[in-house]
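Below is one structure, written out as structure tokens; the observations come after it.
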Amino acid sequence: METQKQFKRRFSFEFFPPKTDKGWEKLQGVRNQLAEVDPDFFSVTFGAGGSTRDRTVQTVLDLHKRGVSTAPHLSCVGATRDGIAELLDIYRENGVNRIVALRGDMPSGMGAAGELRYANELVSFIREHSGDTFNLEVAAYPEFHPQARTAEDDLKNFARKVEAGANSAITQYFFNADSYFYFIDRLEKMGVTIPVVPGIMPIVNFSNLTRFSDMCGAEIPRWIRKQLEAYGDDSDSIRKFGEEVVSEMCERLLASGAPGLHFYTLNQAEPSLRIWHNLGLDNRDKISF
Ligand code: FAD
């Protein structure tokens, strides 16, 4: 973890672009609550294959102009170089300076793979087209990407994204801090030393969390799963237990040198804010860990 300690900590919140007017209104409230804690940036997801293209652009530009620097996610699966270039130009013209560059997962049965196959190709293309305009974030997988042939391959593929020009990374969420420490150790041994910021998923709802985790290959440790199962419909207990487990993990990550946290908010402010307050991040220059 030594290399991670040299980086300045940064804190960010991720949203998805709302589909309805009601969702849009809700996001405005969530945005206002989270802007108060002065995060380094917000980010907005992108539906692979372009399904949320216009909504992502609209959400990013709205959040960005209202004062918190906002980073669009951009995935290359199913996209053309021209289509990506068009988006890059829109973002540049509007002062956006950070992009989360991803391959994405094409929904089954939807269209062709696109002109760029992997995220490292997207990073190269963005550098080719936009030079150093954007700070480029890429995805990292402490528990390894579900499609990786081997752990070794996945690490090498991560390194390709860094070689292509990624500045920093955000991880898939995890509930086992050791997987993150081990991942960082392996990167250090390979000489890959960019900030890798843990992605944090607050635990709010057991069935949604299980569904998501199965899809993205994130493991819910047995002791957590069993405890959550035992709470059944008791959402208060799930929330309290989840908050405690995730806050403790975040404290351990930061104390060990993680260069910040990125919260998957699912467009809810409270679950992330409770962890934030537990960690004392309101006075983040003064925290002792
Ligand atoms: P890649 O880095 O391209 O890796 C994908 C797989 O291919 C891995 O198994 C890797 O080992 C392998 N691979 C990579 N490069 C090569 C190569 N050159 N040759 C052979 N194999 C290779 N999805 C969305 O649709 N929208 C979002 O907004 C979104 N946001 C995300 C944000 C974060 C922080 C994270 C962690 C994930 C996000 N995802 C999002 C999910 C992501 O798109 C999926 O996990 C996707 O399956 C992989 O994307 P990637 O950018 O990691 O792909």
Side-chain angles (χ1 to χ4, degrees), residues 10-18 41-53 55-57 59-60 70-79 84 87 91 98-108 110-111 113-126 135-174 179-180 183 186-187 190 192 194-201 212-219 258-267:
R10 47 164 247 210
F11 296 89
S12 47
F13 297 106
E14 176 176 314
F15 306 124
F16 59 82
F41 66 94
F42 291 145
S43 81
V44 181
T45 61
F46 184 86
S51 58
T52 70
R53 182 188 182 280
R55 282 187 283 125
T56 297
V57 171
T59 309
V60 167
T70 302
H73 294 208
L74 179 53
S75 78
C76 60
V77 70
I84 294 168
L87 278 175
Y91 290 134
R98 185 189 300 268
I99 286 180
V100 184
L102 304 145
R103 183 197 69 177
D105 290 311
M106 195 63 139
S108 57
M110 238 189 87
E115 294 178 1
L116 305 169
R117 280 174 317 157
Y118 295 107
N120 67 304
E121 295 172 23
L122 175 62
V123 171
S124 296
F125 177 73
I126 298 176
N135 200 298
L136 294 182
E137 307 275 339
V138 288
Y141 301 86
E143 294 176 339
F144 302 108
H145 186 267
Q147 290 158 5
R149 265 194 333 124
T150 63
E152 196 65 34
D153 263 13
D154 211 28
L155 286 158
K156 284 188 187 145
N157 290 330
F158 179 78
R160 284 180 215 260
K161 298 194 269 196
V162 180
E163 279 155 28
N167 301 100
S168 41
I170 301 171
T171 74
Q172 182 57 275
Y173 68 86
F174 54 85
S179 66
Y180 172 79
F183 184 76
R186 296 283 302 266
L187 292 182
M190 292 165 71
V192 178
I194 59 166
V196 179
V197 174
I200 302 300
M201 179 66 88
F212 266 149
S213 304
D214 287 347
M215 274 186 322
C216 68
E219 189 180 60
L261 302 170
H262 175 84
F263 291 91
Y264 294 107
T265 71
L266 304 180
N267 292 12

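Everything numeric here is computed off the predicted structure, so don't read it as measured data. Numbering of ligands and ligand atoms starts at 1, following listing order. Along the sequence shown, the residues carry numbers beginning at 1.
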- Query: Are any of the side-chain nitrogens in Arg103 or Glu121 under 4.0 Å away from the carboxylate oxygens of its partner?
  - Reply: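 Looking at Arg103 and Glu121, the cut-off is not met.
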- Message: Taking side chain to side chain contact (heavy atoms under 4.5 Å, CB included) as the definition, give me every residue that meets it alongside Arg53, ordered by chain and number, with sequence neighbours left out.
- Response: Phe46, Glu86, Leu87, Ile90
- Item | Neighbouring residues of ligand 1, heavy-atom cut-off under 4.0 Å | Thr45, Phe46, Ala48, His73, Leu102, Arg103, Gly104, Asp105, Tyr118, Ala119, Asn120, Ala139, Tyr141, His145, Gln147, Ala148, Asp154, Asn157, Arg160, Lys161, Ile170, Thr171, Gln172, Tyr264
- Is there a donor in the side chain of Thr45 and an acceptor in the side chain of His73, or the other way round, less than 3.5 Å apart? no
- Item | All pairs passing salt bridge (charged side-chain N to carboxylate O under 4.0 Å, His left out) where residues 156-166 contributes a residue, at least two apart |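 Pairs touching residues 156-166 that pass the test: none.
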- Message: Among residues at least two apart in sequence or on other chains, which ones pass side-chain hydrogen bond (donor to acceptor under 3.5 Å, both in side chains) with Tyr173?
- Response: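 So Tyr173 forms a side-chain hydrogen bond (donor to acceptor under 3.5 Å, both in side chains) with Ser213.
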- Measure up the Phe174 and Tyr180 rings against each other and bin them: parallel (under 30°), tilted (30 to 60°), perpendicular (over 60°).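 Parallel.
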